[in-house]
There are 2 protein chains.
Amino acid sequence: MRIGQLARRSGVSVRALRYYEEQRLLESTRTPGGQRDYPDEAMERVQLIQDLFAAGLSSRTVVELLPCVSTGVATPAMLDQLIIERDRIAARIQDLTRAKTKLGRVIENVTAANVAQD
Amino acid sequence: MRIGQLARRSGVSVRALRYYEEQRLLESTRTPGGQRDYPDEAMERVQLIQDLFAAGLSSRTVVELLPCVSTGVATPAMLDQLIIERDRIAARIQDLTRAKTKLGRVIENVTAANVAQD
DNA sequence: CTCGTACCTGACGTTGACGTCAGGGTTGGC
DNA sequence: GCCAACCCTGACGTCAACGTCAGGTACGAG
């Protein structure tokens, strides 16, 4: 599959895919003419990269952890890093939950006030 | 209270406080000599700003919502925006939770493999 | 008055994940 | 062999929330 098709299928931009390759997150073979060629598994890979980015990991961290995330094999250092990142995500979830609660209360107050006004 | 003290107390940088003022998120009076002077309530305000930033809101959004978050009074447009942001946060929490679960499984696998190896 | 510390206003630098543009080569159906 | 659609490699632009530096002013203890 060529880059445009992978982009459309996985919902990321062509530029992003080239960026992933630049960062060694994604590999490709080349046609004799030099165009990128991806196997079908690339779609899952891109999805995984997006998930990790969405979780707030940097490309540097992702490139370190991708091997063990896809293979399940990790060095002790990788395991430490995995735990650090999981805990970071957990802390972030707590922050977001607090913020959500706060906004929720504001919404309730405002709604109550508006209803009272009616 | 002057800017340095507010910075130390609230745990943000002096530069950040000046940035908040530039973005109209935070006000200050001035001494005759032109130095910023903050009331005690500024600390809560800064904390609130940080919470909203941590929740992923932009300074533009924060400046729009700050009035109703601190006063509890909102126009319909502000209420819409509040709901949009709360839902965005909720969606983000879901993403993070999925990512955390994924990393958690990887950690389990790796740990199990290492234990088996011992 | 003087010195040290804190503060002031610009204004340019940083970082990450791409967007975008220029100039040119590749593919493949007809 | 022609043409549209697609792809290539640089390389500069973007955006937010500050960091940092330069050159100068204010405050307050002694």
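The chains referred to below are lettered A, B, ... by the order of the sequence lines, with proteins before strands, and numbering in each begins at 1.
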Is [X] near enough to [N] that one of its side-chain N or O atoms lies under 4.0 angstrom from OP1 or OP2?
{"X": "A:S59", "N": "C:dA17", "answer": "yes"}
{"X": "B:Y20", "N": "D:dC18", "answer": "yes"}
{"X": "A:S13", "N": "C:dG19", "answer": "yes"}
{"X": "A:T31", "N": "D:dC7", "answer": "no"}
{"X": "A:S58", "N": "C:dA17", "answer": "no"}
{"X": "B:Y19", "N": "D:dA17", "answer": "yes"}

Report yes or no: does B:S10 contribute a side-chain atom to a donor-acceptor pair with the main-chain N or O of B:M43 at less than 3.5 Å?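 No, because the side chain of B:S10 does not come within donor-acceptor range (under 3.5 Å) of the backbone of B:M43.
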
What's the [atom1]-[atom2] distance between [X] and [N], to the nearest Å?
{"X": "A:L6", "N": "D:dC8", "atom1": "CG", "atom2": "P", "value": "11 Å"}
{"X": "B:L52", "N": "D:dA16", "atom1": "CG", "atom2": "P", "value": "17 Å"}
{"X": "A:L25", "N": "C:dG16", "atom1": "CG", "atom2": "P", "value": "13 Å"}
{"X": "A:Q23", "N": "C:dT15", "atom1": "CD", "atom2": "P", "value": "14 Å"}
{"X": "B:M1", "N": "C:dA6", "atom1": "CE", "atom2": "P", "value": "16 Å"}
{"X": "A:Q5", "N": "C:dG28", "atom1": "CD", "atom2": "P", "value": "12 Å"}
{"X": "B:D37", "N": "D:dC27", "atom1": "CG", "atom2": "P", "value": "11 Å"}
{"X": "B:E22", "N": "D:dA17", "atom1": "CD", "atom2": "P", "value": "12 Å"}

Donor-acceptor pair under 3.5 Å, A:R15 side chain vs C:dT20 base: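 Present.
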
Over all strands shown, is [X] touching base, sugar-phosphate only, or nothing at heavy-atom distances under 4.0 angstrom?
{"X": "A:R2", "answer": "sugar-phosphate"}
{"X": "A:R30", "answer": "sugar-phosphate"}
{"X": "B:R36", "answer": "sugar-phosphate"}
{"X": "B:R60", "answer": "nothing"}

Looking at B:E108 and B:R105, is any side-chain nitrogen of the basic one under 4.0 Å from a carboxylate oxygen of the acidic one?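 The answer is no: the pair does not qualify as a salt bridge.
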
For the pair A:R18 and A:E22, find out whether any cationic side-chain nitrogen is under 4.0 Å from an anionic carboxylate oxygen.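 Looking at A:R18 and A:E22, the cut-off is not met.
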
Side chain of [X] - closest among [options]:
{"X": "B:R18", "options": "C:dT26, D:dC18, C:dT9", "value": "C:dT9"}
{"X": "A:Q50", "options": "D:dC18, C:dA17, C:dC18", "value": "C:dC18"}
{"X": "A:I3", "options": "D:dC7, C:dA17, C:dT27", "value": "D:dC7"}

Begin from the C-alpha positions of B:S70 and B:E44 and carry the test side chain to side chain contact (heavy atoms under 4.5 Å, CB included) through to its verdict. CA-CA 10 Å; B:S70 36; B:E44 299 157 29; over 6 Å; no

Between B:G33 and B:F53, which has a closest nucleotide on DNA chain D that is more 5'?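 The residue whose closest nucleotide sits nearer the 5' end is B:F53.
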
5' precedence on DNA chain C between B:V14 and A:L57 (nearest-nucleotide basis):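 Of the two residues, B:V14 wins.
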
Derivation of the side chain to side chain contact (heavy atoms under 4.5 Å, CB included) call for B:R36 and B:R30: CA-CA 5 Å; B:R36 289 174 179 82; B:R30 298 297 180 113; 3.3 Å; yes

Same cluster (ILVMFWY, side-chain, under 4.5 Å), A:L26 and A:V63: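 Yes, it is one cluster - the side chains of A:L26 and A:V63 are joined through contacts under 4.5 Å.
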
